[in-house]
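Every chain is numbered from 1 and lettered A, B, ... according to where its sequence line falls, protein lines coming before strand lines.
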Amino acid sequence: MSNEKVARVLYEIADLLEIKGVEFKPVAYRRAARNIEELDKDIEEYLKEGRLREIPGVGEAIAKKISEIIESGELNYLKELREELPAGLLQLIEVPEIGPRTVMRLYKELKITNLHELKRAAEEHRIRRLKGFGDRSEEIILKGISLLEHRTGRMLLGYAYFYGKAIVDYMIAAGGYSLISTAGSLRRMKETIGDIDILVGSDEPEKVMRVFVENPRVSEVIAKGDTKSSVRLEEGVQVDIRVVSTDSYGAALQYFTGSKEHNISLRSLAIEKGLKINEYGVFKKDANERIAGRTEEEVYAALGLEMMPPEIRENRGEIKASIEHRLPTLVELGDIKGDFHVHSTMSDGGATVEEIAQDAVKRGYEYIGITDHSESLKVARGVAKEDLKRNIEKVREISEKTGGIRVLMGAEVEIRNDGILDYPDSILKDLDFTVGAVHSGFKMSEKDMTERIVTAMSNDYLTILAHPTGRVLEQREPHQVDVDTIIDTASEKGVFLELNALPERLDLNDLNCRKAKEKGVTIAIGTDAHSLAQLNYMMFGVATGRRGWLEKSSILNTRSLKEVERSLGI
DNA sequence: GCCGTTTTCGGCCCGACTGTTTTCAGTCG
């Protein structure tokens with residue numbers, strides 16, 4: 001029974017209780033579920049060791065339910081809840097603008113139990129007859145259903161980032177705003193983004209609203225108020241904007257950056273200190289006197305906290321770390337001195353080694369690693385053994401010719417099903433470094449996959465394990481592998497773990513990066529670029545590392561060329 | 001249902017926008 005499965009049961013209970021109108025319990029169940037999802041150990045171990053109640057948010061009642069879930073595979077309490085309410089109601093709360101209260105009313109008064117019935121009721125104008133509903137309500141419901149039917153899921157950070165930047169740039173050009181930023185999960189650089197949030201500090205809010213909705217890329221204005229508006233772009237992306245007065249900008253930026261969990265903790269801390277915090281500032285609770293709000297630093301300082309980077313505001317210990325003055329000094333893009341995962345025209349990349357080398361010089365890199373695919377990955381024009389030797393010579397020549405940078409010759413070598421690498425050691429020894437990767441045979445059991453990867457890591461020539469969990473966001477689940485064992489093996493054998501910076505991978509993810517760091521494993525960030533433009537993905541790798549609390553010292557490519565040569569033994 | 005350097009009981013984050021019911025509940029972030 002995985003942590004995710006246990007969490008899913010608790011989430012379902014929360015949803016059902018919420019529809020029933022039960023207060024406070026849904027929040028409690030969700031909190032427990034979220035903390036279980038983020039545990040770095042198997043929940044069954046907690047059960048075995050009798051330590052369930054050490055998990056934040058898990059008390060006597062939930063601990064008992066978790067035991068039942070793990071031991072019997074099901075939960076009577078959930079069964080009973082499900083019997084009380086039709087299963088389709090859970091779909092209904094997914095419809096935007098429909099919440100638990102509305103679901104219950106529609107069920108009680110119109111016997112609506114699923115999406116299909118809701119759609120029909122709206123089309124037949126039966127909903128507008130209910131007290132508190134009108135024709136607009138029906139329109140909104142129908143639009144919500146349509147959106148749900150066509151939803152594309154969450155957007156990858158790699159796309160959202162550029163949409164957000166385009167909107168901000170437009171606002172700056174069209175309105176000359178200087179206090180403007182993305183906020184929300186985009187500013188925290190989460191791997192996937194729901195809506196894009198923008199914040200502006202201005203004392204002419206109505207003008208900001210006008211400029212915002214008049215952006216030619218806007219296809220639909222969802223809501224337009226005095227200080228808050230929402231639009232949809234032609235691409236289907238929802239963008240929300242808020243305006244606050246210039247002297248509240250810091251408080252608002254803090255507030256709208258979140259995360260929600262981070263803010264809730266901050267509020268509790270404020271209450272303990274006799275303060276109140278909202279998007280307008282920090283106030284003394286009794287006197288209602290404002291003591292901070294112009295900048296984020298001010299807001300945190302008013303709570304006795306050091307300023308913390310947006311990427312770690314997830315309520316994962318950053319507030320405690322801030323109180324104790326042990327916040328990490330996170331890695332920055334400017335610390336990066338090279339890239340360890342780049343494909344060239346020698347396999348399926350779009351740029352030649354010369355072009356890549358020159359581009360890397362422009363980026364100020366000291367080194368760049370070429371890692372074309374190995375022989376058996378035919379779909380990616382994997383390089384045959386005979387050709388590899390010639391390629392090595394060629395890359396050495398280019399490296400010597402290109403001033404100011406060393407081009408490191410590597411390869412992204414297939415890890416076969418038995419854990420053996422796709423090139424023999426006699427060839428690997430001539431490379432500067434070797435990146436091992438799983439690109440096939442995903443459906444192995446966790447035990448077999450873990451063994452396969454550990455075997456590969458035991459090869460002395462394996463330098464970096466590429467995209468260790470194999471996930472492809474919104475497309476493919478990570479393969480079944482015991483990440484803890486991989487991290488321990490990396491620590492023991494001195495293998496570097498990759499943080500693959502492709503927006504659809506970002507693998508290792510933030511939580512695993514943090515785990516690896518705690519075990520003393522060094523991370524190598526690689527863009528996996530297949531074109532010069534994709535070398536820019538380094539920023540998303542760095543962002544994900546920052547979310548995983550990574551500092552410069554835990555990352556291979558912050559080291560100078562000399563140090564890297566020493567690390568690689570070349 | 002959880003939780004506690006004010007609390008083992010009584011709290012549980014806070015405000016904007018919308019539609020509709022002309023004073024507010026519901027939803028969202």
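- Taking the P atom of each, B/dA16 and B/dG11 are spaced 25 Å apart, rounded to whole Å.
- Salt bridge status for A/Arg514 with A/Glu518: present, with a side-chain N to carboxylate O gap under 4.0 Å.
- Rounded to whole angstrom, the span from the CD1 atom of A/Ile93 across to the P atom of B/dG26 amounts to 15 Å.
- Per the geometry, CD1 belonging to A/Ile264 stands 6 Å off P belonging to B/dC13, to the nearest Å.
- Heavy atoms of A/Thr227 sit under 4.0 angstrom from primed sugar atoms or phosphate atoms, though from no base atom.
- Pairing for B/dT8 is absent, with no Watson-Crick or G-U wobble pair whose two atom distances lie under 3.5 Å.
- A/Asp135 comes within 4.0 angstrom of sugar-phosphate atoms only, judged by non-hydrogen atoms across all strands, and of no base.
- Classification of the A/Phe162-A/Phe540 ring pair by plane angle, with boundaries at 30° and 60°, yields perpendicular.
- Taking atom C1' in both B/dG26 and B/dT20, one finds a spacing of 12 Å when rounded to whole Å.
- At whole-Å resolution of the value, CE in A/Met104 and C1' in B/dA25 are 17 Å apart.
- A salt bridge links A/Arg82 with A/Glu12; the closest basic N to acidic carboxylate O contact falls under 4.0 Å.
- Residue A/Tyr255 places no side-chain N or O under 4.0 Å from the OP1 or OP2 atom of B/dA16.
- What separates CD1 of A/Ile140 from C1' of B/dC17 is a distance of 11 Å, to the nearest Å.
- Distance check: A/Tyr163 OH to A/Leu186 CG gives 12.5 Å after rounding to the nearest 0.5 Å.
- If A/Glu97 and A/Ser229 are placed on DNA chain B by their nearest nucleotide, the residue sitting closer to the 5' end is A/Ser229.
- To the nearest angstrom, P of B/dC12 lies 15 Å from CZ of A/Arg31.
- Considering only side-chain N and O atoms, A/Asn278 lies under 4.0 angstrom from the phosphate OP1 or OP2 of B/dG15.
- Residue A/Lys65 places none of its side-chain N or O atoms closer than 4.0 Å to OP1 or OP2 of B/dC2.
- Under a 4.0 Å N-O distance rule, the pair A/Glu314/A/Arg547 qualifies as a salt bridge.
- Electrostatic pairing of A/Lys320 and A/Glu324 counts as a salt bridge here, judged by a charged N lying under 4.0 Å from a carboxylate O.
- Here B/dG26 presents its P atom at 13 Å from CG of A/Leu130, a figure rounded to the nearest Å.
- Look at CD1 on A/Ile277: it is 14 Å from C1' on B/dG15, rounded to the nearest Å.
- For the P atom pair drawn from B/dC3 and B/dT8, the interatomic distance equals 16 Å after rounding to whole Å.
- In this pair, A/Phe24 lays its aromatic ring flat on the base of B/dC12, centres within 5.5 Å and planes under 30 degrees apart.
- One atom, CE of A/Met209, and another, C1' of B/dA16, lie 11 Å apart when rounded to the nearest Å.
- Atom-to-atom distance recorded for A/Ile277:CD1 and A/Gln254:CD is 5.0 Å, nearest 0.5 angstrom.
- Distance check on atom C1': B/dC2 versus B/dT7 gives 14 Å, rounded to whole Å.
- Residues A/Arg120 and A/Glu123 are not paired through a salt bridge, judged by the lack of any N-O separation under 4.0 Å between the basic side chain and the carboxylate.
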statement: A correct 5'-to-3' footprint of nucleotides 6-11 of chain B, with B, S and - meaning base, sugar-phosphate only and no protein heavy atom under 4.0 Å, is ------
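- Residue contacts shown for A/Asp226 are limited to sugar-phosphate atoms, with no base heavy atom under 4.0 Å away.
- Nearest-nucleotide positions on DNA chain B for A/Asp195 and A/Arg128 put A/Arg128 closer to the 5' end.
- The gap from the P atom of B/dG4 to that of B/dC13 amounts to 14 Å, rounded to the nearest Å.
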